[in-house]
Amino acid sequence: MVPRVYLVSYIFSNVGVFLYTKKEKVMDYKKLVTDALVKVLDGQIQEDKVYQLLEKPKSLELGDFAFPAFPLAKVMHKAPQTIAAEIVAQIDQTDFQKIAAVGPYVNFFLDKRNFSADILQQVIGEGTKYGNQNIGNAGNVPIDMSSPNIAKPMSMGHLRSTVIGNSIAKILQKTNYNPIKINHLGDWGTQFGKLIEAYKLWGSEEEVKADPINKLLEYYVRFHQEDVAHPELDEEARAWFKKLEDGDEEAVHLWKWFREESLKSFMKIYGILGVEFDSYNGEAFYNDKMNEVVSLLEKRHLLKESQGAQIVDLEKYDLNPALIKKTDGATLYITRDLAAAIYRKRTYDFAQSLYVVGNEQTNHFKQLKAVLNEMGESWSEDIHHIPFGLITQGGKKLSTRAGRVILLEEVLDDAIKLAEKQIAAKNPNLNNKEKVADQVGVGAVIFHDLKNERMNNFDFDLEEVVRFEGETGPYVQYSHARAMSILRKADNPELTAELTYQLEDEDSWEVITKIAAFPAVIKRAAEEYEPSVVAKYSLHLAKAFNKYYAHTKILVEDKQTLSRLALVQSVATVLNESLRLLGVQAPEEM
RNA sequence: GCGCUUGUAGCUCAGCAGGAUAGAGCGACCGCCUCCUAAGCGGUAGGUCAUCGGUUCGAUUCCGAUCAAGCGCACCA
């Protein structure tokens, strides 16, 4: 028999399924259904059309595949119900558990014993490698993510970019890309002019040393309050930034100090979140690379003067002009991003370059790509902005300037404290309480951020973010912990891919089909840069497993004990791997 | 005004190339721990899929218009 083990898991994918490996044809259950149908359809409809029409029924009670007879009604001049019934009467049912006509549909039920054996054997054999696939051919993918601003505390908004970027990196790695996580720190720009001006006016060294981030934020907010009545402050701030760009000693000294203090507090939060970066090259890093960008633009005669500033006209792209240099000669956001894009292409020769940045910056990235395209850099099409929705509070946009922030560190602290309380109430004898409280609290926050589509806006609600019941991270973690607990109670049985595991009951079938869908889920998540696909999937699998757990006694001795344990082991593996891809830890006990 | 994004149960959201009675979670009400972790399982109630047109045998899904919301629209990032 041909090895069917390897592609079996693709069958629930509705995306185009490859039927062939490099050399030989591999067993594919969707193909099996197609072949059976083609034999009785007598050329009324093409084979690939049949394959394409096959769908997954709404409910497992209706089978594993359904063929709708509607399209045949026209050609055969018969009612679809009649056609479905005739197909069932003639079709060869030997490879299936059952084939039945329900109204205009022909429903196929797979052979549960064969299918469960294939899937369990595969997962047990591959372990955490299950679901790995080669989409990226090891291509480099720099991911611009997190990128907090120096001298401002990290807010919930930075959490989004951080956890989405982190998860995309892990998902891309699983599909054989080589992600490079870049924290493009906001450590340059006129905001530093403002900060220095504010510090000079109202700040002191002692104050900043005592509580760096909060004091710096305070100065910054006060600056924006006062400059309404005193517009001359803006002039001063601009002057300070110009000094900074020109290397003025005092300005540089203050900048370095602010940056260092800020980075310290960021690292603490990254530690809690479990996120690491490959590069911290922020905006300042590109300070000495900007002249080249400007001269490249000049060489191509793309720069134009407009109202005293240097711009690139993008009218033919239906975009506003890109401002390269301000009237005072200082550079801007897009100038630095151009330098960064070029630097990344030269350094990493990337297959794709991603920017996990809020939805509100869509135009900026369109401009960036357009300018690069004008410069003749054809790789500009490999640049992808990965936008995400806004976090609001009371329906209003958060704004550091207006002092309306939700501090990430406080949210994480609250979540961990609530997890501690939960453990005290639910499982007071637990080992490693502190560690598990961290994992669960932080896991809840990260999962909450990733479970919905990136583009959805959400209004911040602490109770919602740190919920531990229902569709939450802790629910998935709990399901995983339950599975691990069973395996411990069974003395961690030796399950190998050489053994045959077979299950045929309804409750396990639901779990098995979910496990089988994992590789297709990874593929979709990678192609759409969408961690929520994995998060939703982990919830579905956890739910199916908990249902199974409630209805089936696993640890009883009979001839299927080992098969049930293989199922539990497979669930644990896939849940653990799903959570890992989201950047959430999976405690073995909780 | 122009552009981008979004509009599905009281709330938060799924619904993946259009197809069978539109699904979860939370909240409400009601059940289930002499048995593998009740952070769990099950049940009841709750929906003109924003509106109007078009394409189609068939539209929550595709197209267009309208309405509503959020975001953006050069010297911030």
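Within every chain, numbering begins at 1; the chains are lettered A, B, ... in the order of the sequence lines, protein sequences first and strands thereafter. Since this is a predicted model, take the numbers as computed values, not measurements.
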Atom [atom1] of [X] to atom [atom2] of [N]: distance rounded to whole Å?
X	N	atom1	atom2	result
A:K514	B:G23	NZ	C1'	12 Å
A:Q367	B:G3	CD	C1'	12 Å
A:Y549	B:A38	OH	C1'	10 Å
A:K242	B:C75	NZ	C1'	14 Å
A:M455	B:U6	CE	C1'	8 Å

Could you please spell out the steps behind the side chain to side chain donor-acceptor pair (under 3.5 Å) verdict for A:N149 and A:H158? CA-CA 9 Å; A:N149 293 320; A:H158 296 112; 4.9 Å; no

In whole angstrom, give me the gap between the [atom1] atoms of [N] and [M].
N	M	atom1	result
B:A39	B:U21	C1'	33 Å
B:A17	B:C63	C1'	16 Å
B:C73	B:G64	C1'	25 Å
B:U51	B:U61	P	10 Å

Assigned partner base of [N], Watson-Crick or wobble definition, under 3.5 Å:
N	value
B:A22	none
B:U51	B:A65
B:C2	B:G72
B:C35	none

Applying salt bridge (charged side-chain N to carboxylate O under 4.0 Å, His left out) to A:E226 and A:R222, what does each step give before you reach the verdict? CA-CA 6 Å; A:E226 304 219 359; A:R222 181 164 172 191; 3.0 Å; yes

Shortest side-chain distance from A:E55, nucleotide among B:A20, B:C36, B:A39: B:A20

Check every atom of B:A24, B:A77, B:C13 against the side chain of A:Y333 and return the nucleotide holding the closest atom. B:A77

Within the structure, does a side-chain N or O atom of [X] lie under 4.0 Å from either OP1 or OP2 of [N]?
X	N	value
A:K536	B:A14	no
A:K58	B:A20	yes
A:K543	B:G42	yes
A:K553	B:C35	no

Which part of the nucleic acid, if any, lies within reach of A:D461 when heavy atoms closer than 4.0 Å are counted: base, sugar-phosphate only, or nothing? nothing

Identify the heavy atoms of A:S479 and A:A542 that sit nearest to each other, and give their distance. OG-CB, 3.4 Å

With under 30° as parallel and over 60° as perpendicular, where do the rings of A:H384 and A:Y529 fit, or are they tilted in between? tilted

Indicate yes or no: does A:K523 engage A:E527 in a salt bridge with an N to O separation below 4.0 Å. yes

